[in-house]
Protein chains: 2
Amino acid sequence: MANKHVKEMQVLKEHLGKHQLKLTRQRELILNAFLRQEHITAEAMYHQLAKSDPHLGLATIYRTLNLFCDAGLAQARHFGSQTKYDNVSHKGHHDHLICTSCDQIVEFENEEIERLQEEVAARNGFTIKTHRLELYGLCSRCRH
Amino acid sequence: MANKHVKEMQVLKEHLGKHQLKLTRQRELILNAFLRQEHITAEAMYHQLAKSDPHLGLATIYRTLNLFCDAGLAQARHFGSQTKYDNVSHKGHHDHLICTSCDQIVEFENEEIERLQEEVAARNGFTIKTHRLELYGLCSRCRH
DNA sequence: TTGAAATTGATAAACTGTCTCAAAATGATA
DNA sequence: TATCATTTTGAGACAGTTTATCAATTTCAA
């Protein structure tokens, strides 16, 4: 299981190398747990890992998830009072439809939008690495 | 100045009437200040209003901005660790191109993307109120 | 193997936003 | 306009989430 996510581990190692950071047991452990999720909060991951590693600190989870964001493996999304960490590599990139009333989240992908984004970027001399698109509104149930 | 935003004040009064709420000096004051912004945090509004009204409580700002959300005048968006209250009556929405190297921000608008967003939302039964689109990458200068 | 540098775990602290409650303000009614 | 039930306010306490602190431990280059 530990060598299942070779590519992502490689990305992490490269990031660590570039920034004089070190590979630790915790970082490996958290990476593997994280890559099994689509998105998760630090708190949820803390409780999940507490079963196998009761002494893993919450602060370490936060630090490590933020590290993953720096390395481009995760993306933080602030919603309500919590932060969700999205697994960027797990699937293709997905954007979000968010109901501001019931907090329901629908994920979607739209090639045409992505293409237009590239176009806009190119027109401004930018090369896109990642993006974030969130549509806020009311789902069909809450509109009534 | 106080009678500049007649339409929005009317919306507020209707909401208050419907819910057995009262029109107060603070609610008028905060509404007028809010409508001058495109989006603002409760904290920022607190400091801004403190100059003219040193005894306006932060809790009152929060309560009132949330009231505006209920009335449909504002919309809360979680941004970073803070909540920004968007002025819904402002329409000129702009998106952002952000250089991850030099932090330069370029604003843009793209009608076609907006149209596709509506399409995606409709397909999922959503009615969009606002959205956020951020493209992260390297600007032409930083790419070299 | 050694040792400088980074990391960890535990917890304190910071931050944002909500709750509490006595005092004040509102507005419907007389 | 005076009355008064109801709502609102201000100030601070409080709660939930995330970051900072720091001594002890771990990593990894030499």
Side-chain angles (χ1 to χ4, degrees), chain A residues 9 12-31 33-34 39-71 74-86 100 103, chain B residues 9 12-31 33-34 39-71 74-86:
Chain A
M9 183 60 75
L12 177 60
K13 280 180 181 169
E14 265 171 41
H15 180 83
L16 296 177
K18 271 185 198 156
H19 296 81
Q20 300 165 249
L21 304 174
K22 295 174 177 176
L23 181 62
T24 63
R25 185 180 67 80
Q26 290 88 340
R27 284 173 177 171
E28 280 195 87
L29 200 145
I30 294 171
L31 179 61
F34 174 69
H39 49 73
I40 192 168
T41 65
E43 190 76 27
M45 176 155 277
Y46 178 62
H47 285 113
Q48 183 178 306
L49 291 178
K51 293 166 194 161
S52 48
D53 267 64
H55 291 293
L56 196 63
L58 180 57
T60 300
I61 308 264
Y62 273 106
R63 283 185 292 231
T64 304
L65 288 174
N66 287 332
L67 171 71
F68 292 170
C69 289
D70 293 341
Q75 186 167 14
R77 204 157 33 85
H78 304 279
F79 195 78
S81 58
Q82 290 202 307
T83 300
K84 283 186 175 154
Y85 292 86
D86 287 3
T100 54
D103 288 357
Chain B
M9 182 60 75
L12 177 60
K13 282 181 180 169
E14 265 172 39
H15 179 83
L16 296 176
K18 271 185 199 158
H19 297 80
Q20 300 164 250
L21 304 175
K22 295 174 177 176
L23 182 60
T24 63
R25 185 181 66 80
Q26 289 87 340
R27 283 173 180 172
E28 279 195 88
L29 200 144
I30 294 171
L31 178 60
F34 174 68
H39 47 72
I40 193 169
T41 65
E43 192 75 26
M45 175 155 279
Y46 178 61
H47 285 113
Q48 183 177 305
L49 291 177
K51 293 166 194 162
S52 48
D53 267 64
H55 290 294
L56 197 64
L58 180 58
T60 300
I61 309 262
Y62 273 107
R63 283 186 292 230
T64 304
L65 289 174
N66 287 331
L67 171 70
F68 292 169
C69 289
D70 294 342
Q75 184 167 20
R77 269 200 307 165
H78 303 283
F79 198 93
S81 60
Q82 291 202 307
T83 300
K84 281 189 174 151
Y85 292 85
D86 288 4

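In the text below, chain A, chain B and the rest are named by the order of the sequence lines, each starting its count at 1. Only this structure's heavy atoms are used, side chains among them; waters, hydrogens and symmetry mates stay out.
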With a 4.0 Å cut-off on heavy atoms, is [X] in touch with a base, just the backbone sugar-phosphate, or nothing at all?
| X | value |
| --- | --- |
| B:Q20 | sugar-phosphate |
| A:L56 | sugar-phosphate |
| A:T83 | sugar-phosphate |
| A:N66 | sugar-phosphate |

How long is the line joining [atom1] of [X] and [atom2] of [N], in whole Å?
| X | N | atom1 | atom2 | answer |
| --- | --- | --- | --- | --- |
| A:L29 | D:dT27 | CG | P | 12 Å |
| B:R25 | D:dT9 | CZ | C1' | 10 Å |
| B:H47 | C:dT16 | NE2 | P | 10 Å |
| B:E28 | D:dT9 | CD | P | 12 Å |
| B:F68 | D:dT8 | CZ | C1' | 14 Å |
| A:H78 | C:dC15 | NE2 | P | 16 Å |
| B:L21 | D:dT9 | CG | C1' | 14 Å |
| A:L58 | C:dA12 | CG | P | 14 Å |

field: Toward the 5' end of DNA chain D, by each residue's nearest nucleotide, B:L16 or B:A59
entry: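 Of the two residues, B:L16 wins.
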If the cut-off is 4.0 Å, is [X] near the phosphate of [N], judged by side-chain N/O to OP1 or OP2?
| X | N | answer |
| --- | --- | --- |
| B:T60 | D:dT9 | no |
| B:H55 | D:dT9 | no |
| B:R27 | D:dT9 | yes |
| A:T24 | C:dT8 | yes |
| B:Q26 | D:dG10 | yes |
| B:Y62 | C:dT18 | no |

- prompt: So which nucleotide from C:dG27, D:dT21, D:dT7 ends up closest to the side chain of B:L23?
  reply: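 Within the option list, the nearest is C:dG27.
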- prompt: Salt bridge check: are B:D70 and B:K18 linked by an N-O gap of less than 4.0 Å?
  reply: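 A salt bridge is absent here (no side-chain N lies under 4.0 Å from a carboxylate O).
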A:R27 and A:L21: CA distance, side-chain angles, deciding distance, side-chain contact (heavy atoms from CB on, under 4.5 Å) verdict: CA-CA 11 Å; A:R27 284 173 177 171; A:L21 304 174; 4.0 Å; yes
task: Mind running side-chain contact (heavy atoms from CB on, under 4.5 Å) on B:Q26 and B:I61 for me, showing each step along the way?
output: CA-CA 9 Å; B:Q26 289 87 340; B:I61 309 262; over 6 Å; no
- prompt: Do A:R63 and C:dG9 have a side chain to base donor-acceptor pair shorter than 3.5 Å?
  reply: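 Checked by distance alone, the answer is yes.
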task: Look at the side chain of A:K22 and the base of C:dA5, then say whether one donor and one acceptor between them are separated by less than 3.5 Å.
output: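 When only heavy-atom distances are counted, A:K22 does reach the base of C:dA5 through a donor-acceptor pair under 3.5 Å.
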- prompt: Which heavy atom of B:F34 sits nearest a heavy atom of B:Y85, and at what distance?
  reply: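 Closest approach of B:F34 to B:Y85, heavy atoms only: CE1-O, 3.4 Å.
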message: If I compare all heavy atoms of B:Y46 with all of B:L58, which pair ends up nearest, and what's the gap?
response: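 Minimum heavy-atom separation between B:Y46 and B:L58: CE1-N, 3.5 Å.
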- request: Nearest-nucleotide wise, let me know which of A:Y46 and B:S81 is further upstream toward the 5' end of DNA chain C.
  value: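 Upstream on the strand: A:Y46.
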message: Let me spell it out: for each of A:I61 and B:Q82, pick the nucleotide of DNA chain C with the closest heavy atom. Which residue's pick is nearer the 5' end?
response: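 Nearest nucleotide further toward 5': that of A:I61.
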query: Stepwise, does the side-chain contact (heavy atoms from CB on, under 4.5 Å) test hold for A:T64 with A:L29?
result: CA-CA 10 Å; A:T64 304; A:L29 200 145; over 6 Å; no
